[in-house]
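As the structure is a prediction and not an experimental result, all values here were calculated from the model. A, B, ... follow the sequence lines: proteins, then strands. Residue 1 opens every chain.
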Amino acid sequence: MSFFKKLKEKITQQADSVTEKFKQGLTKTRDSFAGRVNDLIARYRKVDEEFFEELEEILISADVGVTTVMDLIDELKMEVKRRNIQDPKEMQEVISEKLVEIYRGDDEEYEKSAALNIQKDGLTVILFVGVNGVGKTTTIGKLAHKLKTEGKTVMLAAGDTFRAGAIEQLEVWGERVGAEVIKQSAGSDPAAVVYDAIQAAKARRVDVLLCDTAGRLQNKVNLMKELEKVKRVIEREVPGAPHEVLLVLDATTGQNAMSQAKIFKEATNVTGIVLTKLDGTAKGGIVLAIRNELHIPVKFVGLGEKMDDLQPFDPEKYVYGLFADLFEGKSEQ
Amino acid sequence: MPFEGLSERLQNVMNKIRGKGKVTEADVKEMMREVRLALLEADVNFKVVKDFVKRVSERAVGQEVLKSLTPGQQVIKVVKEELTELMGGEQSKIAVASRPPTVVMMVGLQGAGKTTTTGKLANLLRKRYNRKPLLVAADIYRPAAIKQLETLGKQLNMPVFSLGDQVSPVEIAKQALEKAKEEHYDYVLIDTAGRLHVDEALMDELKQMKEVAKPDEIFLVVDAMTGQDAVNVAQSFHEQLGITGVILTKLDGDTRGGAALSIRAVTNTPIKFVGMGEKLDALEPFHPERMASRILGMGDVLTLIEKAQAAVDEEKAKELEQKMRTATFTLDDFLEQLGQVRKLGPLDEILKMLPGVNKIKGLNNIQIDEKQISRVEAIIRSMTKEEKMHPEIINGSRKKRIAKGSGTSVQEVNRLLKQFDEMKKMMKMMTNMPKGKKRGFKFPFM
């Protein structure tokens, strides 16, 4: 069975609302991306230098990043030689295969890192980090909702004591999803807020504590040190914690996302990425390069503004979302 | 960082060419390839890059570069010129309506920094133009967005107009305008909710607001870290609303900011301001040439010079020079000078503005300890007047007292005294030197 058929079968079997949601969220993305790949394939009769040049542009326009794209193109060229591919139509398959491969990397490593590390017994602490305006607080609200529907008790720590209105924003989310919010006044030490929250979470035997932090640009040394301190407090108060450090990335961000991932990883040992705002026209292709270079997996994607618009990341679905037209176009033939 | 500035990239090509004696058209082509990669890595949209490279190639091959003795530098020159031109002139003016109030609408994607920028803009209008702005909270969707603007208003001591989150933004805009007219505000700054450019319902809402508010300016607020999608966002907002200017935020990060070029190319509207920090006075005019340098990864000397000009008091500088000449430079003067240096801002930021610094090994990650400067200051402040004038009288027991008073150690006091002594010696030497060469002595904390 070809890779495509397998992939398609796997997804149609699941045929659930999640895939639908993914498709909806990615429609805009897919329209332009897959449309252009189709366009490209239709226009070319031969897989030649020009074909690759245009493919390169399509991938770059998805923010995949120049270096990754160059490497990918080189690999594709070798593959074309090896399999003796001349018909551009066959390329659809090879391209998606390679893309999924980059996402998934080593299968074993992938399986391990895909799920959220929630403790069976005792408190799980999840720390959220990222630059300004990526959607940390909103993501916390959505994840709290998700965990609540899974039957967990959730508490929120208002660790963004800097931005005006941030504490109130988290409080609104707390009310919406029914989770207690631990806070201090604006301008107080975020590490102290998190310390308080941990004590409260322990006392009330909460399952999961989600810690918000203020957005900070990764080149601000002092602010990164502050974040390290917050993490140290968590480590000291709960052995084995934080169980996850999630870096929230805006899908519209370009190559700077790599710098964000690198520096936040150095400071807080990021365990996963939440890719937000994927319902726009941006593709967030940089996660490919981040996964490839830094081995940080994407754990969730934000596909809209509603409470249940946070979905676990599934590379196959992601690629399927990008290439759905190609799949369908192919099976009709 | 995976990024490499254009200068380094071209240098690599030049190294290969060197020794060949003559630069061929093929060599120029290879240089253009590097130009292309540098721009793509800086997040300039690939279509914009394509047009741009084409234009530069034409100029380059058109003899300008081929004949030059330093083709690498010529290419950089051509690229920079073209880039600066594409960025447009400096236009940080804000419209003034013939009949006040002037209405400004802030629009953009979620998380671009509209609310913060609205606060900064109000601050700038009051501070620089002596205007009286009214802030309008029209983001009824994001939780606590109104509260955020209200908090900023409180910090700035400025009024914020809000009707809560149950009234439509169109109605809010309407009532805000009435209030502004009645109470004679010069400016009305409307903070709108972040929205996706493909969200038809919400884009329609903006169109309605535009109809009601008849804004004199519509500013598109864009995150400087935006990638290839910047063109779609800018184009879409522009087509639907007719934006009059762009404000680029979060430029104090380490992004190259190629989005600036993309947006400029597709909308042809000026970038008016840039957000350079989280504080409310961190909104600066946009400088096309500096942005060009930044996109190419070539440092930002001009901003540094400007900062220095703004921070250093010229009178004092002259006085200081006189003192250095006559070797009557005391520890008091030194203290003064430290203060001036600190006014420039965090030292590691200053260092980053220097071209090439991020290429020097060991210097790219340098973190100058601001505390160290504070300690030096504390030591000097713990001395008596006499000690500051004549440091040679400082003996063992005085040193102990100074160390105690400043919370440092005798060793540190010793070190400072020794360095100060060396500095003075150096100054003496410099004053004997011919004019123009007496620059750059070492500060004891470096």
Side-chain angles (χ1 to χ4, degrees), chain A residues 28 32 56-57 60-63 65-67 69-70 131-135 137-138 141 162-173 176 186 214-222 250-260 262-263 276-277 279-286 289 293 305, chain B residues 1-3 37 40-43 45-47 49-50 109-113 115-116 119 141-152 154-155 194 196-199 223-233 236 249-250 252-259 277-278 346 348-349 352 367 370:
Chain A
K28 296 279 165 9
S32 48
E56 184 187 297
E57 277 177 2
I60 283 173
S61 76
D63 283 320
V66 189
T67 329
V69 171
M70 299 291 179
V131 300
N132 318 60
V134 288
T137 310
T138 309
F162 181 80
R163 184 174 59 89
I167 298 172
E168 291 83 356
Q169 189 180 350
L170 195 71
E171 280 183 309
V172 173
W173 274 106
R176 274 188 200 172
R216 62 202 75 216
L217 295 174
Q218 70 275 18
N219 59 340
K220 310 267 159 155
V221 176
N222 294 342
D250 182 336
T252 29
T253 306
Q255 300 309 298
N256 193 253
M258 179 60 84
S259 158
Q260 291 172 24
K262 213 173 257 177
I263 299 175
T276 60
K277 309 183 198 174
D279 49 331
T281 47
K283 297 141 188 93
I286 189 69
E293 270 183 44
E305 299 208 297
Chain B
M1 292 293 293
F3 296 131
L37 289 178
L40 284 175
E41 277 184 353
D43 283 328
N45 183 271
F46 76 98
K47 279 186 209 147
V49 172
K50 212 174 194 178
L109 298 179
Q110 293 95 337
T115 309
T116 307
Y141 303 104
R142 181 166 59 93
I146 295 173
K147 176 81 192 171
Q148 185 182 354
L149 195 66
E150 281 172 350
T151 307
L152 292 177
K154 216 175 275 166
Q155 281 170 18
L196 287 170
H197 51 295
V198 288
D199 188 328
D223 186 329
M225 296 179 279
T226 310
Q228 297 284 323
D229 204 40
V231 288
N232 300 330
V233 174
S236 190
T249 61
K250 308 178 203 173
D252 49 329
D254 61 4
T255 179
R256 281 278 170 78
E278 304 202 32
D348 36 0
E349 261 172 43
K352 272 189 203 121
Q367 282 156 29
E370 303 274 335

Q) Can you tell which of Gly253(B), Gly113(B), Gly257(B) has the highest number of heavy-atom pairs within less than 4.5 Å of chain A? A) Gly253(B)
Q: Look at the side chain of Lys250(B) and the backbone N and O of Asn132(A), then say whether any donor-acceptor pair between them is shorter than 3.5 Å.
A: yes
Q) Under a 4.5 Å heavy-atom cutoff, which of Met70(A), Glu171(A), Lys277(A), Arg216(A) has the most pairs with chain B? A) Lys277(A)
Q.
For the interface with chain B, which of Gly65(A), Gly215(A), Gly133(A) has the highest count of heavy-atom pairs at distances below 4.5 Å?
A. Gly133(A)
Q. Just by distance, with hydrogens left out, do Glu305(A) and Gln110(B) show a side-chain donor and acceptor under 3.5 Å apart?
A. yes
**Q.** Under 4.5 Å from any heavy atom of chain B - which part of Gln260(A)
**A.** side chain
Q. Given that the side chain runs from C-beta out, which part of Lys50(B) has a heavy atom under 4.5 Å from chain A: side chain, backbone, both or neither?
A. side chain
Q) Side chain, backbone, both or neither: which part of Val134(A) has a non-hydrogen atom closer than 4.5 Å to chain B? A) neither
Q. Ignoring hydrogens and geometry, is there a side-chain-to-backbone donor-acceptor pair from Thr226(B) to Ala259(B) under 3.5 Å?
A. no
Q: To the nearest 0.5 angstrom, please state how far the CE atom of Met225(B) sits from the CZ atom of Arg256(B).
A: 15.5 Å
Q: Identify which part of Leu109(B) has an atom lying under 4.5 Å from any heavy atom of chain A, answering side chain, backbone, both or neither.
A: side chain
Q.
Please rank Asp250(A), Val172(A), Thr253(A) by heavy-atom pairs under 4.5 Å with chain B and give me the top one.
A. Thr253(A)
Q | Any donor-acceptor N/O pair, Asp63(A) side chain to Gln228(B) backbone, under 3.5 Å | A | yes
Q) Hey, which of Ala186(A), Gly285(A), Gly254(A), Ala251(A) has the most heavy atom pairs under 4.5 Å with chain B? A) Gly254(A)
Q: Tell me, please, which residues at least two apart from Glu150(B) pass salt bridge (Lys or Arg N to Asp or Glu O under 4.0 Å).
A: none
Q: Answer with side chain, backbone, both or neither: which region of Asp252(B) has an atom nearer than 4.5 Å to a non-hydrogen atom of chain A?
A: both
**Q.** Asp229(B) side chain to Thr252(A) backbone, donor-acceptor under 3.5 Å
**A.** no
